[in-house]
Novice: 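First the structure, then my questions, so here it is.
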Amino acid sequence: MNTETPKTDKPLDFIRQIIAEDIATKKHEEITTRFPPEPNGFLHIGHAKSICLNFGVAAENNGTCHLRFDDTNPDKESTEYVEAIKRDVHWLGYDWGEHLYYASDYFTQLYNFAVKLIEMGKAYVCHLSGEEMRTYRGNLTEPGKKSPYRDRSIAENLQLFEQMRNGEFDEGTCVLRAKIDMASPNFLMRDPVLYRIMKTSHHRTGDKWCIYPMYDFTHCLSDMLENITHSLCTLEFENNRPLYDWVLDTLQTPCHPQQIEFARLNINYTVTSKRKLLELVEDSLVSGWDDPRMLTLSGLRRRGYTPASIRAFCEGIGVGKRESWIDMGILENAIRDDLNTNAPRVLGVLDPLKVVITNYPEDSTETLEALNHPQNNQMGKRMLPFSRELFIERSDFMENAPKKFFRLSEGREVRLRYAYLITCAKVIKDENGEVVELHCTYDPESRGGNAPDGRKVKGTIHWVSAAHSLQAEVRLYDRLFTEEFPDADKEIPFKNFLNPDSLQVLTDCRLEPNLANASASDRFQFERQGYFCIDSEDSSAQHLVFNRIVTLRDSWAKLAGKK
RNA sequence: UGGGAGAUGGUCUAAUGGCAAGACAGCGGACUCUGACUCCGCUUAUCGGGGUUCGAAUCCCUGUCUCCCAGCCA
């Protein structure tokens with residue numbers, strides 16, 4: 001596993017600048033970061049940015065990055081998600097080593113900190129209902145009002161809080177609140193809730209607790225307990241920072257991590273929100289969290305994206321404080337870039353059209369040599385069977401083709417990749433006028449693809465030998481949404497913008513026989529088509545299923561589309 | 001409306017008082033046994049207005065716009 005970021009002259013982002021400064025001034029000797037997911041869903045591409053940042057920054061500074069599950073809300077969390085998250089972080093290429101933590105492991109310590117706060121007169125048990133509390137909180141212009149329970153004695157609060165823990169109160173009857181400032185312009189400082197009663201069994205602590213700490217109380221203290229130096233989170237937590245600092249300052253903790261906020265990743269033509277992804281899964285609008293159209297890490301993995309390409313993508317988009325929308329094309333470019341250099345090439349016909357080489361001997365077969373990678377000889381060669389009956393791509397033939405169409409048409413000559421030059425002599429149609437077969441002649445002198453007379457042939461097309469080809473199902477994916485910003489309008493549900501053509505299943509594709517040995521971890525370029533991999537869930541030796549990871553750039557389609 | 005944050009080509013990112021740079025997209029061309037890759041060229045930007053300065057994307061003032069916050073979610 002090599003996830004080391006090569007040392008370059010690339011300027012440091014603002015977070016790395018802060019950290020470099022902290023090291024230079026000896027504020028910290030060692031850097032410790034953390035990636036703190038809540039196990040209430042699968043990780044997506046947005047998390048990848050955070051993972052790469054946190055693990056990357058730690059590695060660059062010979063520090064440590066913890067994986068900590070922020071599991072303080074048992075209503076939504078499960079071990080299934082914990083396992084999926086661990087798998088995905090590992091897959092992305094990062095290793096937390098022994099530093100696997102759970103906020104739930106701190107519940108006892110957290111409880112003691114809460115007691116300490118009460119003893120300091122900085123927290124109280126409040127019996128206001130949720131509705132009342134909202135009213136008391138005030139609004140944007142008006143300060144909040146003090147809760148009538150705010151001045152309970154320390155002894156009473158201690159007593160009440162213990163009763164809360166012992167399950168003597170029903171859910172919703174009371175909470176523990178910090179005593180800060182009901183007039184603060186920052187709502188989070190208007191006596192925020194620290195603990196609530198939830199009589200829900202927790203996936204790790206079972207029924208040991210019936211009160212659970214809130215995020216703002218848990219996160220800073222968890223960071224502190226783990227000696228985190230830099231607590232990196234997204235912009236929406238900027239308002240939470242004063243509270244983060246208040247808890248640690250008030251408790252006078254020996255360690256006070258610095259929270260730094262950065263802009264979350266947004267990508268157009270998709271949604272990156274666990275809630276919305278969950279909705280797609282629960283409504284069966286996709287096949288699951290790992291549907292190859294989803295930008296979850298498991299979806300990207302199944303789609304065929306490499307961890308390296310996702311890391312390169314995350315590095316490329318940078319880290320800043322300005323909210324931005326990354327074009328989906330940048331992600332696609334990252335995987336193309338990787339696969340262009342690393343994926344062996346093969347021939348595969350997605351929409352087969354039969355070709356008979358009329359002057360080729362019947363019942364004869366030969367094998368032709370093909371390069372696995374035209375720019376990289378080290379990837380070696382392979383043999384391709386050739387015979388009288390072939391399949392070519394239907395879109396590589398056109399009747400009454402324009403001059404710029406460098407492919408097959410009646411009377412025109414093209415090269416079959418690594419094979420022969422052929423000329424189309426006759427077009428066979430069915431009763432509906434549909435082209436069903438082509439009769440061609442080949443130039444026996446052009447074996448390998450070059451004519452001895454040196455004549456130039458502009459077009460080269462891919463093919464497979466009919467009798468030797470493998471039949472396969474191929475799934476073509478397109479962006480999941482038709483709108484660039486599917487969740488932009490709060491009035492219109494994002495699901496209205498699902499792309500009906502985001503999945504196209506081709507059932508009669510014909511692939512070169514070498515693909516029979518392909519394994520789920522292999523990725524190939526089907527020449528002139530795109531990059532493909534075996535579908536890890538549905539493919540079998542009896543029924544091959546390939547996913548299209550991404551298309552090749554297609555300047556012909558662009559040209560043709562203009563007309 | 002109170003508070004917090006942010007505005008650089010179509011999109012993202014850099015320049016940290018000294019020639020506004022790079023990536024992606026787009027356009028044009030070269031090359032090509034993948035209309036791929038690669039290579040070359042081009043178009044396009046400092047939110048507005050004032051100020052400080054020899055010099056401002058950067059510092060100051062002011063205006064505008066966008067995002068976040070009124071969960072017993074994280």
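We use all heavy atoms of the structure for the numbers below, so side chains are in, but hydrogens, waters and symmetry mates are not. Convention: sequence-line order gives letters A, B, ...; per-chain numbering from 1. All figures in this text were calculated on a predicted structure; none of them were measured in a lab.
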Novice: Check if the side chain of A:N139 and the base of B:rG2 share a donor-acceptor pair of N or O atoms closer than 3.5 Å.
Specialist: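 Side chain to base: no pair present.
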Novice: Considering every strand and a 4.0 Å limit on heavy-atom distances, what is the contact class for A:Y531: base, sugar-phosphate, or nothing?
Specialist: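 It contacts nothing in the nucleic acid.
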Novice: For B:rU38 versus B:rC31, give the span between their C1' atoms, rounded off to a whole number of Å.
Specialist: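 After rounding to an integer number of Å, I get 8 Å for this pair.
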Novice: Given the P atoms of B:rU53 and B:rU11, what is the spacing between them in whole Å?
Specialist: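 Comparing P positions in B:rU53 and B:rU11 gives a spacing of 36 Å.
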Novice: Just N and O in the side chain of A:R264: are any of them under 4.0 Å from OP1 or OP2 of B:rC67?
Specialist: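 No, because none of the side-chain N or O atoms of A:R264 sits under 4.0 Å from OP1 or OP2 of B:rC67.
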Novice: Going by modelled atom types, is there a donor-acceptor pair between the base of B:rU13 and the side chain of A:R322 at under 3.5 Å?
Specialist: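 In this structure, the two groups form no donor-acceptor pair.
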Novice: Keeping the roles fixed (side chain from A:S409, backbone from A:R412), state whether a donor-acceptor pair exists under 3.5 Å.
Specialist: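 Checking the backbone N and O of A:R412 against the side chain of A:S409, no donor-acceptor pair under 3.5 Å is found.
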Novice: B:rC73 phosphate, OP1 or OP2: any side-chain N/O from A:T72 under 4.0 angstrom?
Specialist: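 A:T72 to B:rC73 OP1/OP2: no side-chain N or O under 4.0 Å.
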Novice: Scan A:E142 against the nucleic acid and name what it touches under 4.0 Å (heavy atoms): base, sugar-phosphate only, or nothing.
Specialist: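 If one applies the 4.0 Å heavy-atom cut-off, A:E142 turns out to touch nothing in the nucleic acid.
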Novice: At under 4.0 Å, does any side-chain N or O of A:T460 touch on OP1 or OP2 of B:rG35?
Specialist: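 Result: no.
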Novice: Considering only the C1' atoms, how many Å lie between B:rA14 and B:rG50, rounded to the nearest integer?
Specialist: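 It comes out at 28 Å once rounded to the nearest Å.
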Novice: Base, sugar-phosphate or nothing for A:L140? Non-hydrogen atoms, less than 4.0 Å.
Specialist: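 The answer is base, as A:L140 lies within the cut-off (heavy atoms under 4.0 Å) of a base atom.
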Novice: A:F14 has an atom CZ; how far is it from atom C1' of B:rU8, in whole Å?
Specialist: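 Atom CZ in A:F14 sits about 17 Å away from atom C1' in B:rU8.
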Novice: Sticking with atom C1', work out how far B:rA57 lies from B:rG18, rounded to a whole angstrom.
Specialist: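 It comes out at 13 Å once rounded to the nearest Å.
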Novice: Before giving the answer on side-chain contact (heavy atoms from CB on, under 4.5 Å), spell out for A:R417 and A:W463 the whole-Å C-alpha distance, their side-chain angles and the decisive distance to 0.1 Å.
Specialist: CA-CA 7 Å; A:R417 180 81 156 151; A:W463 56 277; 4.2 Å; yes
Novice: Distance check: side-chain N/O of A:R275 vs OP1/OP2 of B:rC73, anything under 4.0 Å?
Specialist: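 No, no such contact exists.
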Novice: With a non-hydrogen cut-off below 4.0 angstrom, is A:P374 in contact with a base, only sugar-phosphate, or nothing?
Specialist: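 Counting heavy atoms under 4.0 Å across all strands, the contact made by A:P374 includes a base.
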Novice: Could you check whether any side-chain N or O of A:E366 sits under 3.5 Å from a backbone N or O of A:F386, counting only pairs where one atom can act as donor and the other as acceptor?
Specialist: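 Not a single qualifying donor-acceptor pair exists.
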Novice: Using the C1' atom on both, measure B:rC73 against B:rG17 and round to a whole Å.
Specialist: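 Here B:rC73 and B:rG17 have their C1' atoms 46 Å from each other.
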Novice: Is the side chain of A:S446 donor-acceptor paired with the backbone N or O of A:Y442 at a distance under 3.5 Å, no angle test?
Specialist: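 Side chain of A:S446 to backbone of A:Y442, a donor-acceptor pair under 3.5 Å: no, none is there.
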Novice: Using atom C1' in both nucleotides, what's the gap between B:rU8 and B:rA45 to the nearest angstrom?
Specialist: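 Roughly 6 Å separates the two C1' atoms.
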Novice: If the cut-off is 4.0 Å, is A:K458 near the phosphate of B:rU32, judged by side-chain N/O to OP1 or OP2?
Specialist: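 The answer is no; no side-chain N or O of A:K458 sits under 4.0 Å from OP1 or OP2.
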Novice: Below 3.5 Å, does any donor atom in the side chain of A:Q375 face an acceptor in the base of B:rU38, or the other way round?
Specialist: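 In this structure, the two groups form no donor-acceptor pair.
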Novice: For a ring pair (Phe, Tyr, Trp, His ring centres under 6.0 Å) with A:F217, tell me which candidate from A:F107, A:Y195, A:F113 qualifies.
Specialist: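 Exactly one pass, corresponding to A:Y195.
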Novice: Can you tell me if the side-chain N/O atoms of A:R241 get under 4.0 Å from OP1 or OP2 in B:rC69?
Specialist: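 False: A:R241 side-chain N/O out of range (4.0 Å or more) of B:rC69 OP1/OP2.
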Novice: For B:rU16 versus B:rG22, give the span between their P atoms, rounded off to a whole number of Å.
Specialist: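 Here B:rU16 and B:rG22 have their P atoms 16 Å from each other.
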Novice: Could you tell me how far B:rC47 sits from B:rU13 if I compare only their P atoms? Round to whole Å.
Specialist: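 About 14 Å, rounded to a whole number of Å.
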Novice: Using a 90° cut-off around 0 for syn, call B:rG71 syn or anti.
Specialist: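 Syn, angle within 90° of zero.
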